[in-house]
Novice: 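Pasting a structure below so you can have a look.
As the structure lists them, so they are numbered: ligands from 1, and atoms in each ligand from 1. Computed from a predicted structure; not experimentally measured.
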Amino acid sequence: MKLKKCLIPALAGCLVGFQTYAADESGQRLFLENCAECHQEDGMGIPNIYPALAGNELVQGSGVDVALVLIIGRGEMPSFSGAISNEDMASIINYVRNAFGNEGELISPETIEQLN
Ligand code: HEC
């Protein structure tokens with residue numbers, strides 16, 4: 001979706017587009033490996049058991065809030081702190097905040113590092 005930035009004849013915009021795209025690719029793979037078992041491939045979750053991430057207010061609100069859920073864990077959901085790197089956590093968060101029709105700003109591994 002951010003690739004349309006490449007239509008703007010500015011190298012910087014184009015690079016931002018590619019960076020986002022790369023994050024989406026590994027983010028999707030990591031989501032399928034770590035999260036889809038509960039939240040499902042399409043982010044719709046399972047009603048009354050696993051909340052949908054699609055259209056989710058917390059997910060679209062702030063990347064830091066999503067990072068805190070992953071670091072601390074929540075209810076039945078395990079903590080991912082130490083289980084995945086800050087880079088991978090950022091990729092997953094950026095994926096879920098921009099997949100399934102969601103829209104959110106990107107978060108950096110450095111920001112996640114500070115939360116740990
Ligand atoms: C073992 C099942 C399971 C796995 C794996 C899992 N989750 Fe969850 N997740 C849950 C459950 C259950 C909740 C609701 C917890 C509660 O509120 O008590 C939840 C809540 C959340 C929330 C908060 C949603 C809200 O509306 O409050 C987010 C964000 C989230 N998960 C993202 C992820 C991501 C990203 C991954 C992969 C890194 C992941 N989850 C992996 C079960 C899981």
Side-chain angles (χ1 to χ4, degrees):
M1 69 219 68
K2 298 259 161 62
L3 276 179
K4 69 171 178 270
K5 285 209 170 112
C6 289
L7 295 173
I8 302 165
L11 184 60
C14 210
L15 288 176
V16 168
F18 280 121
Q19 203 185 3
T20 306
Y21 189 64
D24 283 354
E25 291 283 285
S26 67
Q28 178 175 38
R29 180 178 53 76
L30 289 161
F31 173 81
L32 294 175
E33 284 169 8
N34 295 286
C35 324
E37 156 197 357
C38 296
H39 294 286
Q40 307 299 299
E41 238 174 274
D42 60 2
M44 295 307 285
I46 296 179
N48 301 319
I49 306 177
Y50 302 123
L53 301 184
N56 184 301
E57 264 182 49
L58 181 144
V59 172
Q60 295 182 89
S62 143
V64 168
D65 286 344
V66 181
L68 288 173
V69 173
L70 300 194
I71 291 167
I72 297 165
R74 183 180 270 206
E76 299 277 299
M77 180 172 153
S79 158
F80 285 88
S81 182
I84 52 179
S85 67
N86 294 328
E87 283 76 20
D88 286 355
M89 203 179 276
S91 297
I92 295 179
I93 294 169
N94 291 332
Y95 173 71
V96 298
R97 277 165 60 72
N98 291 283
F100 329 125
N102 289 348
E103 271 183 52
E105 303 270 309
L106 301 182
I107 192 168
S108 69
E110 289 73 26
T111 304
I112 291 170
E113 166 85 52
Q114 288 164 11
L115 298 171
N116 266 291

Novice: Please write down residue, atom name and distance for the protein heavy atom closest to atom 38 (C) of ligand 1.
Specialist: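 Protein heavy atom with the smallest distance to atom 38 (C) of ligand 1: C35 SG, 2.7 Å.
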
Novice: Would you call the rings of F100 and Y95 parallel, tilted or perpendicular if under 30° counts as parallel and over 60° as perpendicular?
Specialist: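 Because their plane-to-plane angle is over 60°, the rings of F100 and Y95 count as perpendicular.
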
Novice: Heavy-atom pairs closer than 4.0 Å: do any link ligand 1 to the side chain of F80, the backbone, both, or neither?
Specialist: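 It is the side chain that touches ligand 1; the backbone stays farther off.
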
Novice: Within the structure, does N56 bring an N/O atom to less than 3.5 angstrom of an N/O atom in ligand 1?
Specialist: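 Yes, there is a polar N/O contact under 3.5 Å.
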
Novice: With a sphere of 6.0 Å drawn around CE of M44, does it hold more than 12 non-hydrogen atoms of other residues, nucleotides or ligands?
Specialist: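 Incorrect, the count does not exceed 12.
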
Novice: What is the closest protein heavy atom to atom 10 (C) of ligand 1, and at what distance does it sit?
Specialist: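 Answer for atom 10 (C) of ligand 1: M77 CB, 3.4 Å.
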
Novice: Nearest to atom 27 (O) of ligand 1, what protein heavy atom do you find, and at what distance?
Specialist: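 Checking every protein heavy atom, the shortest distance to atom 27 (O) of ligand 1 gives R74 NH1, 2.7 Å.
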
Novice: Where the closest heavy atom to atom 28 (C) of ligand 1 is concerned, which of I49, L53, L70 has it?
Specialist: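 Result: the heavy atom closest to atom 28 (C) of ligand 1 is in L53.
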
Novice: Just to confirm my output: which protein heavy-atom neighbour is closest to atom 5 (C) of ligand 1, and how far is it?
Specialist: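 Of every protein heavy atom, N34 O, 3.3 Å lies nearest to atom 5 (C) of ligand 1.
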
Novice: Among all the protein's non-hydrogen atoms, which is closest to atom 22 (C) of ligand 1, and how far away is it?
Specialist: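 It is V69 CG1, 3.8 Å.
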
Novice: Assess whether a salt bridge exists between R29 and E33, defined as any Lys/Arg side-chain N lying under 4.0 Å from an Asp/Glu carboxylate O.
Specialist: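 Answer for the salt bridge query: yes.
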
Novice: Going by distance only, is there an N or O of H39 that falls short of 3.5 Å from an N or O of ligand 1?
Specialist: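 For ligand 1, there is an N or O atom that lies under 3.5 Å from one belonging to H39.
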
Novice: Is there at least one pair of N or O atoms, one from Y50 and one from ligand 1, spaced under 3.5 Å apart?
Specialist: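 For ligand 1, there is no N or O atom that lies under 3.5 Å from one belonging to Y50.
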
Novice: For the pair N102 (side chain) and L53 (backbone), establish whether a donor and an acceptor sit closer than 3.5 Å, ignoring hydrogens and angles.
Specialist: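 The answer is yes, because a donor-acceptor pair under 3.5 Å joins these two groups.
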
Novice: Using atom types as modelled and distance alone, determine if a side-chain donor or acceptor of Q60 lies under 3.5 Å from a backbone N or O of E103.
Specialist: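 At least one qualifying donor-acceptor pair exists.
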
Novice: Assess the residue pair D88 and F80 against the criterion (side-chain contact (heavy atoms from CB on, under 4.5 Å)); give the C-alpha distance rounded to whole Å, side-chain angles, the decisive distance to 0.1 Å, and a yes or no.
Specialist: CA-CA 10 Å; D88 286 355; F80 285 88; over 6 Å; no

Novice: Please list, in number order, the atoms of ligand 1 under 4.0 Å from a heavy atom of E76.
Specialist: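 So the atoms of ligand 1 that pass are 12 (C).
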
Novice: For ligand 1, which atoms have a heavy atom of V59 less than 4.0 angstrom away?
Specialist: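 Near V59, the atoms of ligand 1 are 29 (C).
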
Novice: Pick, from P51, C38, G75, the option with the minimum heavy-atom distance to atom 11 (C) of ligand 1.
Specialist: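 Going through P51, C38, G75 one by one, P51 has the nearest heavy atom to atom 11 (C) of ligand 1.
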
Novice: Is there a side-chain contact (heavy atoms from CB on, under 4.5 Å) between I112 and I93 once you walk through the steps?
Specialist: CA-CA 10 Å; I112 291 170; I93 294 169; 3.8 Å; yes

Novice: Between L106 and N98, does a side-chain contact (heavy atoms from CB on, under 4.5 Å) hold up when you go through it step by step?
Specialist: CA-CA 9 Å; L106 301 182; N98 291 283; 3.9 Å; yes

Novice: Is there a donor-acceptor contact under 3.5 Å from the side chain of R97 to the main chain of E105?
Specialist: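 Yes, because the side chain of R97 sits within donor-acceptor range (under 3.5 Å) of the backbone of E105.
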
Novice: Just let me know how I92 lines up against ligand 1, side chain, backbone, both or neither, with a heavy-atom cut-off below 4.0 Å.
Specialist: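 I92 to ligand 1: side-chain contact only, backbone stays beyond 4.0 Å.
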
